[in-house]
2 protein chains.
Amino acid sequence: MNLHVRVFTIGALAKATGVSTPTIRYYEEIGLLPPAPRTAGGQRTYDDDDLGRLTFIKQCRDFGFSIDQVRVLLELSISTNRDCVETRDIAQLHLDEVRQKLAELRLLERRLESFVTRCNVACAGGPGQDCVIFKDLAAPAKGGCCG
Amino acid sequence: MNLHVRVFTIGALAKATGVSTPTIRYYEEIGLLPPAPRTAGGQRTYDDDDLGRLTFIKQCRDFGFSIDQVRVLLELSISTNRDCVETRDIAQLHLDEVRQKLAELRLLERRLESFVTRCNVACAGGPGQDCVIFKDLAAPAKGGCCG
DNA sequence: GTACTCCTTCAAGTAACTTGAGGTTCAAGG
DNA sequence: CCTTGAACCTCAAGTTACTTGAAGGAGTAC
């Protein structure tokens, strides 16, 4: 009666999900994955349920959710009595964080751009001691070199 | 002859630079700052040189340079015979990385957006087991739920 | 049976700090 | 002079999410 029950080694599961084998063991260790059944020789075995669960985890991680957030999402996804709206709220929160980070990075990009430009324009390419950029950097922050 | 020689405690230096006191001690430990002279009682003392150096470090860290990159930049800033163009190259490299990260985050933002939207539209707000989003997440990556 | 790949555990390393415990020094007020 | 309280000290461990390495066992193909 074991029709259609695929069994994977840890390596096969790794290949199927794109999660490395040490990471899979790590996920088991921290309880993200249930302890895998073992062969007589002690090697871990996985099935399609594990494939689904690990795929879920991988997707969430690719979304940038922290391990703790993934833990909550996993619980929610299995839960029969908790509202799935919680999921949306976690995602929304994370989206806000991503946008915050985006804004910071955009600012950083502009600052670095003008840093590089100024390195090219202002600096004769001489020894470090004469470089105006270094003098800027050692002075209190005022945004002198950048937007 | 000690006119204009300001001396700081670690706390004052922390306040002046925006770097926390444990972090200052950490920077000393890893050799980013020279070992600070001590009072008779063993407390660290700093002067304006240290202020300049730590400000430089802080600015670089705010730019997102790694500790190792800061180490190189510090060396370059003191060096008398190394070309300051190296600095520009490090900054350029870092700028490239920032732009890469920006592109990734923008993609992530769009994916999360459509995730949240779909949570709102597709999901009745019932228990997790029935949520279509979870089914998407547990299925192999195909971008089914997002752009 | 032997060669080879894949698997096992356990410990330590990574980045860049932060946090905590337990104790000492300094400056000010009485 | 003494006490109080903030700020300082060291050392160790915790954080995040894994990765890397050593030393050895399991599974499979020829």
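None of the values given here were measured: they were computed from a predicted structure. Residue numbering restarts at 1 for every chain, and letters A, B, ... go by the order of the sequence lines.
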How is B:Arg61 classified with respect to the nucleic acid when contacts are heavy atoms under 4.0 Å: base, sugar-phosphate, or nothing?
sugar-phosphate

Applying salt bridge (charged side-chain N to carboxylate O under 4.0 Å, His left out), name anything that partners B:Asp47, two or more places apart in sequence or on another chain.
none

Could you give the CG-to-P distance, from B:Leu32 to C:dA16, as a whole number of Å?
10 Å

Does D:dA17 have OP1 or OP2 sitting under 4.0 Å from an N or O in the side chain of A:Tyr27?
no

Identify, residue by residue, the members of residues 7-17 of chain B with a heavy atom below 4.0 Å from DNA chain D, and return them in order of residue number, or none.
B:Thr9, B:Ile10, B:Gly11

Taken to the nearest whole Å, CD1/A:Ile67 to C1'/D:dT19 is 14 Å

Here the distance between atom P of C:dA12 and atom CZ of A:Arg25, to the nearest Å, is 18 Å

Name all residues meeting the salt bridge (charged side-chain N to carboxylate O under 4.0 Å, His left out) criterion together with B:Asp49; count only those two or more places apart in sequence or in a different chain, and write none if there are none.
none

Anything under 3.5 Å between a protein N or O and an N or O of nucleotides 23-27 of chain D, put it in a table, one pair a line.
from: D:dA26; atom 1: O4'; to: A:Gln43; atom 2: NE2; distance (Å): 3.1
from: D:dG27; atom 1: OP1; to: A:Thr39; atom 2: OG1; distance (Å): 3.1

Those residues that, when tested against A:Arg44, pass side chain to side chain donor-acceptor pair (under 3.5 Å) (two or more places apart):
A:Glu28

Taken in chain and number order and not counting sequence neighbours, the residues that satisfy side chain to side chain donor-acceptor pair (under 3.5 Å) with B:Arg53 are none

Is it true that a side-chain atom of A:Glu104 and a backbone atom of A:Lys101 form a donor plus acceptor pair closer than 3.5 Å?
no

Which residues share a side chain to side chain donor-acceptor pair (under 3.5 Å) with A:Glu113, sequence neighbours left out:
B:Arg99

Excluding sequence neighbours, so at least two apart, what forms side-chain contact (heavy atoms from CB on, under 4.5 Å) with A:Ile67?
A:Tyr27, A:Ile30, A:Leu32, A:Arg61, A:Arg71

How many angstroms lie between CZ in B:Arg110 and CG in A:Leu95, if you round to the nearest 0.5 Å?
12.5 Å

Value in whole Å for how far the C1' atom of D:dC18 lies from CD1 of A:Ile57
14 Å

For A:Ile30 and D:dT16, give me the distance from atom CD1 to atom C1', rounded to whole Å.
10 Å

Contact list (N/O, under 3.5 angstrom) for nucleotides 18-22 of chain C vs protein:
from: C:dT18; atom 1: OP2; to: B:Ser20; atom 2: OG; distance (Å): 3.1
from: C:dT18; atom 1: OP2; to: B:Thr23; atom 2: OG1; distance (Å): 2.4

Quick one: B:Gln69 CD to C:dA15 P, roughly how many Å, whole number?
12 Å

Applying side-chain contact (heavy atoms from CB on, under 4.5 Å) to B:Gln43 and not counting sequence neighbours gives B:Thr39

Can you name the residues that form a side chain to side chain donor-acceptor pair (under 3.5 Å) with A:Glu29, not counting sequence neighbours?
none

Rounded interatomic separation in angstrom, taking CD1 from B:Ile24 and C1' from D:dC8:
12 Å

Using only side-chain N and O atoms of B:Arg44, determine if any of them is under 4.0 Å from OP1 or OP2 of D:dT10.
yes

A:Asp68 CG to D:dT16 C1': how many Å, rounded?
10 Å

Residues pairing under side chain to side chain donor-acceptor pair (under 3.5 Å) where one sits in residues 12-26 of chain A, two or more places apart or in two chains, turn out to be A:Ser20-A:Thr23

